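Input: a single structure, listed below in structure tokens.
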Amino acid sequence: AQSVTQPDIHITVSEGASLELRCNYSYGATPYLFWYVQSPGQGLQLLLKYFSGDTLVQGIKGFEAEFKRSQSSFNLRKPSVHWSDAAEYFCAVGEWTNAGKSTFGDGTTLTVKP
Amino acid sequence: DTGVSQDPRHKITKRGQNVTFRCDPISEHNRLYWYRQTLGQGPEFLTYFQNEAQLEKSRLLSDRFSAERPKGSFSTLEIQRTEQGDSAMYLCASSGTANSPLHFGNGTRLTVT
């Protein structure tokens, strides 16, 4: 069975500092990997996705993520965090035949200090 | 692209009552998913439709839960005889193809008292 682990429940960074959110997954085949962001009381918005090819993927809002097969990781990064980035971030792995049937991690809450 | 819409946004009900939620996906998307999210956790897959066919249901979906998508457009999720453990955010999402990411609605928050 597939699984996703986000080791950090809560991260606090200063505005303008760099950010890395960790994600480890378990899946028996080549995974579809996603990062979503959720603001309070809202649905999830896709930040970026990895299906195949280049292991460094660019997303919206200046985010990027790197797929490392040997480490089963898909960490999210941003070089300079803005106050509006404060939200909850979810990593997900989708099934190969049905990417929408995804298993999500429990999320990392990002707080941005002024 | 008007996005995925869900109605109602909030529902408070008493234990034992039935509730029904509606989801309108992005019009050109033929795949529709229901997820449940409880506080402090990520969304959990409940069920999905391709057009009007319900192709998969999670073991999380007890017999009290039923979902329909009668004409392959909007979908409804009904919970019968609600229990306090049903309190959660119910998220609907749609996608266009098998390898497309999900487009989520803003969810329906259910509180069972």
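Each chain gets a letter, A, B and so on, in the order the sequences are listed, and its residues count up from 1. Since the model is a prediction, treat every value here as computed from it, not as a measurement.
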Among A:Gly43, A:Gly100, A:Ser102, A:Ser39, which residue forms the greatest number of heavy-atom pairs with chain B at distances under 4.5 Å?
A:Gly100
Under 6.0 Å from the six-membered ring centre of B:Phe74 and within 45° of its axis: does the NZ or CZ of B:Arg22 meet both?
yes
Please flag which part of A:Gln38 lies under 4.5 Å from any non-hydrogen atom of chain B: side chain, backbone, both or neither.
side chain
Can a donor-acceptor pair be found between the side chains of B:Gln41 and B:Thr38 at a distance below 3.5 Å?
yes
Side chain, backbone, both or neither: which part of A:Leu46 has an atom under 4.5 Å from a heavy atom of chain B?
side chain
Scored by heavy-atom pairs under 4.5 Å with chain A, the best of B:Ser100, B:Cys92, B:Ser95 is B:Ser100
Measuring heavy-atom distances to chain A, does B:Gln37 have an atom under 4.5 Å in its side chain, in its backbone, in both, or in neither?
side chain
Given the options A:Ala92, A:Gly107, A:Gly41, which has more heavy-atom pairs under 4.5 Å with chain B than any of the others?
A:Gly41
In terms of heavy-atom proximity below 4.5 Å to chain A, should B:Arg109 be classed as side chain, backbone, both, or neither?
neither
Side chain, backbone, both or neither of B:Leu91 within contact of chain A (heavy atoms, under 4.5 Å)
side chain
Under 3.5 Å side-chain donor-acceptor pair for B:Glu68 and B:Ser75:
no
Would you mind checking which part of B:Gln6 comes under 4.5 Å of any heavy atom in chain A, side chain (CB onward), backbone (N, CA, C, O), both or neither?
neither
Test salt bridge (charged side-chain N to carboxylate O under 4.0 Å, His left out) applied to B:Glu83 and B:Arg64, step by step:
CA-CA 10 Å; B:Glu83 303 173 355; B:Arg64 297 183 297 106; 3.4 Å; yes
If only side-chain N and O atoms count, and only distance matters, is there a donor-acceptor pair under 3.5 Å linking A:Thr111 with A:His10?
yes
Does either side chain, that of A:Ser73 or that of A:Asn75, offer a donor lying less than 3.5 Å from an acceptor on the other one?
no
Is it true that B:Gln17 and B:Thr82 share a donor-acceptor pair across their side chains at a distance under 3.5 Å?
no
Pair A:Tyr27 and A:Tyr32, ring centroids less than 6.0 Å apart
no
Using non-hydrogen atoms and a 4.5 Å limit, figure out which bit of A:Thr109 sits close to chain B: side chain, backbone, both or neither.
neither
Would you mind checking which part of A:Lys49 comes under 4.5 Å of any heavy atom in chain B, side chain (CB onward), backbone (N, CA, C, O), both or neither?
side chain
